[in-house]
Amino acid sequence: MKFLVAGATGRVGRYLVEQLNASGHQVLALTRDASKAAFSRGVEIVEGDLTNPASIAPAMEGVTGLHLINFNGGDYSPLETGGEIIQLAERAGVKRVTILGAGEETSVEQAAKASSLAWTILQPVEFMTGALDYAETIRSEGVVRQPFANRKTAIVHEADIAAVAAAVLTGDGHSGKSYVITGPEVLTPNMMVDTIGATIGREIQFIELSEEEGREQWRVQGFPDDMIEFFVWAHGNTPEVGYTVVPTVEEVTGKPARTFAQWAQEYADAFK
């Protein structure tokens with residue numbers, strides 16, 4: 001089968017491209033800048049922008065399944081071209097679509113639900129690669145400075161999100177469903193930093209910032225005010241869905257979800 005993966009160089013997309021390719025499928029990796037994309041042999045890189053649906057229309061020809069994101073890859077704003085994208089997919093004969101959600105429902109989900117496509121919405125919680133934000137100060141000082149040190153999260157490995165998407169795109173029984181995707185355990189930032197320290201064999205100090213100190217740190221790092229407000233909401237008042245483990249990964253893929261300890265082993269060099 002032939003698949004088109006949007007957001008192919010993103011944290012989930014790159015895993016999905018490689019997993020589908022490794023399974024012997026024909027994969028088109030859609031990216032806004034082909035010069036920055038690198039994948040395994042056999043993957044075809046195509047350039048296009050979801051905010052300009054006409055630019056991706058040729059890539060849809062002959063595609064069985066389509067993976068979409070519901071946000072603009074440039075500035076992470078909600079994608080407003082969902083209707084046009086889904087119409088193009090229907091005309092091209094696409095059968096299935098998975099949609100990686102990021103926040104509220106957008107035009108992408110709305111159009112897919114009203115279409116003839118077999119649609120499935122993926123709703124992952126916090127990504128494990130967010131812990132890479134700790135890497136610079138761990139390497140230079142052996143310290144992590146963050147607010148909300150004891151917040152709870154059912155943090156998930158991006159490879160597991162991709163594995164769910166791959167199973168949905170290549171299998172039956174998922175049409176019309178929305179899947180919350182989590183890791184296998186509830187953790188706190190303190191616990192994650194301890195795991196990283198144990199992995200690299202180094203004691204790491206966690207210094208908890210106040211909310212205002214956290215806001216200032218994010219401002220210095222260049223985050224806009226609306227993103228900072230989202231961080232404060234998500235980390236300071238995490239909704240229950242964000243720290244409730246669900247068995248989606250194992251139920252859909254047949255394999256247990258990856259632990260944060262496994263993630264830390266994979267990314268250990270980033271912290272050394």
Modelled atom types, side-chain donor and acceptor of Glu80 and Ser107, under 3.5 Å: no
Residues at least two apart in sequence or cross-chain that pass salt bridge (charged side-chain N to carboxylate O under 4.0 Å, His left out) with Lys272, listed by chain then number, are Asp269
NE2-CG distance between His25 and Asn21, expressed to the nearest 0.5 angstrom: 10.0 Å
Whether over 12 other heavy atoms sit under 6.0 Å from Asp225 CG: no
Short N-O contact, Arg215 and Glu211, less than 4.0 angstrom: yes
For Lys2, the salt bridge (charged side-chain N to carboxylate O under 4.0 Å, His left out) test, sequence neighbours excluded, returns none
Would Phe127 and His157 count as a ring pair (Phe, Tyr, Trp, His ring centres under 6.0 Å) if you check the C-alpha gap in whole Å, the side-chain angles of each, and the deciding distance to 0.1 Å? CA-CA 6 Å; Phe127 292 1; His157 197 307; over 10 Å; no
Please determine whether a side-chain nitrogen of the Lys or Arg among Glu126 and Lys152 lies less than 4.0 Å from a carboxylate oxygen of the Asp or Glu. no
Determine whether more than 12 heavy atoms belonging to other residues, nucleotides or ligands lie under 6.0 Å from atom CD of Gln221. yes
Please state whether the rings of Phe260 and Trp263 are parallel, tilted or perpendicular, taking 30° and 60° as the class boundaries. parallel
Does either side chain, that of Asp33 or that of Thr31, offer a donor lying less than 3.5 Å from an acceptor on the other one? no
I'd like to know if Lys255 pairs up with Glu251 as an ion pair, taking the criterion as any Lys NZ or Arg NE/NH1/NH2 lying under 4.0 Å from an Asp or Glu carboxylate oxygen. no
Please determine whether residues Val17 and Ile56 belong to a single hydrophobic cluster, defined as Ile, Leu, Val, Met, Phe, Trp and Tyr linked transitively by side-chain heavy-atom distances below 4.5 Å. no
Between Thr120 and His174, is any side-chain donor less than 3.5 angstrom from a side-chain acceptor? no
Thr129-Arg11 side chain donor-acceptor pair, cut-off 3.5 Å: yes
Would you mind checking if Arg32 and Asp49 are paired as a salt bridge, meaning a charged N to carboxylate O distance below 4.0 Å? no
Is Glu141 atom CD crowded by more than 12 heavy atoms from other residues, nucleotides or ligands, each under 6.0 Å away? yes
Could you go through Thr253 and Glu250, starting from their C-alpha distance and side-chain angles, then the distance that decides it, and tell me whether this counts as side-chain hydrogen bond (donor to acceptor under 3.5 Å, both in side chains)? CA-CA 5 Å; Thr253 71; Glu250 188 159 12; over 6 Å; no
Starting from Val5, can I reach Ile69 by hopping between I/L/V/M/F/W/Y residues whose side chains sit under 4.5 Å apart? no
Taking Leu68 as the starting point, is it possible to reach Leu169 by hopping between hydrophobic residues whose side chains are less than 4.5 Å apart? no
Salt bridge (Lys or Arg N to Asp or Glu O under 4.0 Å) evaluation trace for Asp172 with Arg96: CA-CA 10 Å; Asp172 297 322; Arg96 296 173 178 169; 2.2 Å; yes
Test ring pair (Phe, Tyr, Trp, His ring centres under 6.0 Å) applied to Tyr134 and Phe271, step by step: CA-CA 8 Å; Tyr134 307 155; Phe271 300 97; 7.6 Å; no
Is atom CD of Glu212 surrounded by more than 12 heavy atoms (other residues, nucleotides or ligands) closer than 6.0 Å? yes
Salt bridge check: are Lys113 and Glu105 linked by an N-O gap of less than 4.0 Å? yes
Using links of under 4.5 Å between side-chain heavy atoms of ILVMFWY residues, direct or through other members, which residues join Ile207 in one cluster? Val143
Taking Val94 as the starting point, is it possible to reach Leu122 by hopping between hydrophobic residues whose side chains are less than 4.5 Å apart? yes
